[in-house]
Amino acid sequence: MRRASLVAPLLLIGIGLLFLARNVFPDMQLLDYLAKYWPLLLVVWGGLRLLEILFWAATARPLPMYGISSGEWVLVIFLCFVGVSLHAVRGFSAWLPGSRIELGGLDIFGDNYDYPVSAEKPSTKAPRVIIESFRGNARITGADVQTVKVTGHSTIRSLDQASADRTNQQAPLEVDGDTNEIRIHTWQNRVSGNNRRISADLDIVVPKGATIEAHGRSGDFDVNGVNGSIDVNSDNASVRLEDIGGDVMVEVRGSDILRAVKIKGSVELKGRGSDIDLQDIGGPVTINGTFNGNSQLHNLAKALRIVTPYTEFSAEKVTDMRVTLGNLNASDVTGPVRMSSSRSWDVSLANFTNSVDINLNGGDVDLRPGLLPLAKMDVHSRTGHIELALPQAAKFDLTATSNRGSVDNEFGAPLKLEPTGRRGATLRGSNGGPAVNISTESGQVLVRSASAADTALPVPATPRVPPIPPAPVKPPVPVEQ
């Protein structure tokens, strides 16, 4: 006859008492207690079984062959799995990858709770406005006012309403400082634990002469109609700026798009991201970092400089330029134009002036000067096809060489072909113009007469990215018990 055990009935009694206490005291955080102290069930279970075995031995009763049956082992494994999962979901685990458990737990079991926020503070006509440790979306608009006004809502994702309410009290919106320097605090850094996540969606109205300094962790910044300078530093943010009177400095570690339109001052972009869209920039433009998406640059009135880990590009003025991964197309460019890269690039330049200096590890180069007098050119690609379309009236002193490939003359006199070795050739000719040196170690070189179609590059149009419209305020989310 199988011996009965007191463990299972006692465990049922204990679990029933826990749920009874939760019903009698609704504010008790039962899940938090279970997440933290579930191993006590194993301790109590093991202790009761040990006492049973000691009692059987003391009363000279036969001892069981196994202290715990196979079915009980299955229950132990199931209890451990549930306990560890609950421990991680509630944000107490340091053994497992917290970020993954946090997202999965909150996204599956949590709800969003919205809380309206607002604040306002008087200022001068040109205050310095600082946004600190921000996560969410901020739309900043310049207006003819002498106050800084913040409205919007804070969104808290939590597993229950009570936790969201406590989080909202811990992270209130505050606007402080004097009239010359105003700080906007969301206090989101006060919220700790993986079972809560907080962000804000803010509309900020500032005086037109304000200077903006924003420090964020994730989210978007949209700034419009501000005459002062803009400084944005964020871990992951899309930034859209329009009608800015001062200098712009943006540094991000991740971004979907950086867009700046109608900027009177300089623009400096740093870090890593995807797309770049710049238009009507009055000051110098510097791009320093790795941006792997589509870049569109239109009407840059002053110098452009691009620096990546493998490539450098510079020009004095750019009317139209589009860059994708491994491709650069530009037209109406004022030089000196310089480009060097240890990677392979396909480069197309049309209607450029002054000098051009290109040195690539590989890739095709298409040059269509279009304008006279001809610019000085020094172009080298280790492997690739180089094509030069010269206006018929151009003056030049040209040398085009391919060490392993063909050199074709479709321009005519005064160019003459000179064989070089077994597999190479050189094309030379001069009529009193600037030096034009073209060379490739392996590839074809073609020099031809320009046609009417060579005045501009056939660059396909890329759709513009519109600004993100303001998000509607969400009503509070009910909680089902």
Side-chain angles (χ1 to χ4, degrees), residues 310-313 315 321 323-324 326-331 333 335-459:
Y310 308 103
T311 304
E312 291 190 15
F313 178 92
M321 178 170 166
V323 183
T324 58
N327 291 273
L328 186 149
N329 298 330
S331 63
V333 181
V337 178
R338 297 184 179 90
M339 182 176 183
S340 62
S341 179
S342 59
R343 298 291 179 90
S344 179
W345 280 84
D346 291 337
V347 178
S348 297
L349 296 179
N351 298 338
F352 53 86
T353 60
N354 296 336
S355 63
V356 173
D357 187 350
I358 299 176
N359 192 338
L360 305 176
N361 187 55
D364 298 337
V365 180
D366 186 6
L367 302 173
R368 308 179 189 183
L371 303 175
L372 295 176
L374 204 63
K376 178 184 176 182
M377 287 176 265
D378 191 352
V379 179
H380 173 78
S381 179
R382 190 174 66 85
T383 59
H385 174 80
I386 301 178
E387 181 175 339
L388 173 62
L390 294 173
Q392 194 62 43
K395 303 293 184 180
F396 52 80
D397 182 5
L398 184 142
T399 301
T401 303
S402 176
N403 295 331
R404 293 187 300 275
S406 63
V407 178
D408 299 325
N409 178 15
E410 296 183 4
F411 184 84
L415 300 179
K416 293 182 179 180
L417 189 63
E418 303 174 1
T420 305
R422 294 182 178 180
R423 295 180 291 178
T426 299
L427 185 66
R428 299 182 191 275
S430 176
N431 57 7
V436 177
N437 298 311
I438 297 173
S439 64
T440 177
E441 298 179 17
S442 177
Q444 179 189 10
V445 176
L446 171 62
V447 180
R448 63 179 179 83
S449 298
S451 64
D454 292 321
T455 56
L457 290 173
V459 181

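- Rounding to the nearest 0.5 angstrom, the gap separating the CG atom in Leu349 from the CG atom in Leu388 is 11.0 Å.
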Subject >> side chain to side chain contact (heavy atoms under 4.5 Å, CB included) assessment of Val365 paired with Trp345 >> reply: CA-CA 8 Å; Val365 180; Trp345 280 84; over 6 Å; no
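- Rounding to the nearest 0.5 Å places CZ of Phe411 at 4.0 Å from CZ of Phe396.
- Partners of Glu441 under the salt bridge (charged side-chain N to carboxylate O under 4.0 Å, His left out) rule, at least two apart in sequence or in another chain, do not exist in this structure.
- Between Leu398 and Leu390, the closest side-chain pair of non-hydrogen atoms falls below 4.5 Å.
- The distance from the OG atom of Ser342 to the CG atom of Asn359 is 10.5 Å, given to the nearest 0.5 Å.
- Among residue pairs with one or both ends in residues 377-395, those qualifying as salt bridge (charged side-chain N to carboxylate O under 4.0 Å, His left out) are Glu387-Arg448; sequence neighbours excluded.
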Subject >> Step-by-step side chain to side chain contact (heavy atoms under 4.5 Å, CB included) determination, Ile438 to Met377 >> reply: CA-CA 8 Å; Ile438 297 173; Met377 287 176 265; 5.8 Å; no
**OP:** Let me see the working for Gln392 and Ser449 under side chain to side chain donor-acceptor pair (under 3.5 Å), right down to the final yes or no.
**Re:** CA-CA 6 Å; Gln392 194 62 43; Ser449 298; 3.0 Å; yes
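- Using a 4.5 Å cut-off on side-chain heavy atoms (C-beta onward), Val347 and Leu360 make contact.
- Minimum heavy-atom separation, Pro336 to Arg338: CB-NH1, 3.7 Å.
- Here the OG atom belonging to Ser430 is positioned 12.0 Å from the NZ atom belonging to Lys416, to the nearest 0.5 angstrom.
- Nearest heavy-atom pair, Pro391 versus Leu374, reported as atom, atom and distance to 0.1 Å: CD-CD1, 4.3 Å.
- Contact of the Phe313 side chain with the Val337 side chain is registered, since non-hydrogen atoms from C-beta on lie closer than 4.5 Å.
- A donor-acceptor contact shorter than 3.5 Å links the side chain of Ser344 to the backbone of Gly362.
- Looking only at distances, a side-chain donor or acceptor of Asn431 sits under 3.5 Å from a matching main-chain atom of Ala394.
- At distances below 3.5 Å, at least one donor-acceptor pair connects side-chain atoms of Ser402 with backbone N or O atoms of Gly443.
- One distance of note links CZ of Arg428 with CG of Leu417; it measures 11.0 Å at 0.5 Å rounding.
- Of the possible polar contacts, one joining the Ser381 side chain to the Gly363 backbone as a donor-acceptor pair under 3.5 Å is found.
- The minimum heavy-atom distance linking Ala400 with Val407 is given by the pair O-CG1, 4.1 Å.
- Annotation for Thr311 and Ser341: closest pair OG1-OG, 2.8 Å, computed over non-hydrogen atoms.
- No side-chain N or O of Thr426 forms a donor-acceptor pair with one of Glu418 less than 3.5 Å apart.
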Original post:
Could you go step by step and tell me if Val333 and Met321 meet the side chain to side chain contact (heavy atoms under 4.5 Å, CB included) rule?
Top reply: CA-CA 9 Å; Val333 181; Met321 178 170 166; 6.0 Å; no
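- Looking only at distances, a side-chain donor or acceptor of Asp346 sits under 3.5 Å from a matching main-chain atom of Asp364.
- To the nearest 0.5 Å, the span separating CD1 on Ile386 from CG on Leu367 amounts to 7.5 Å.
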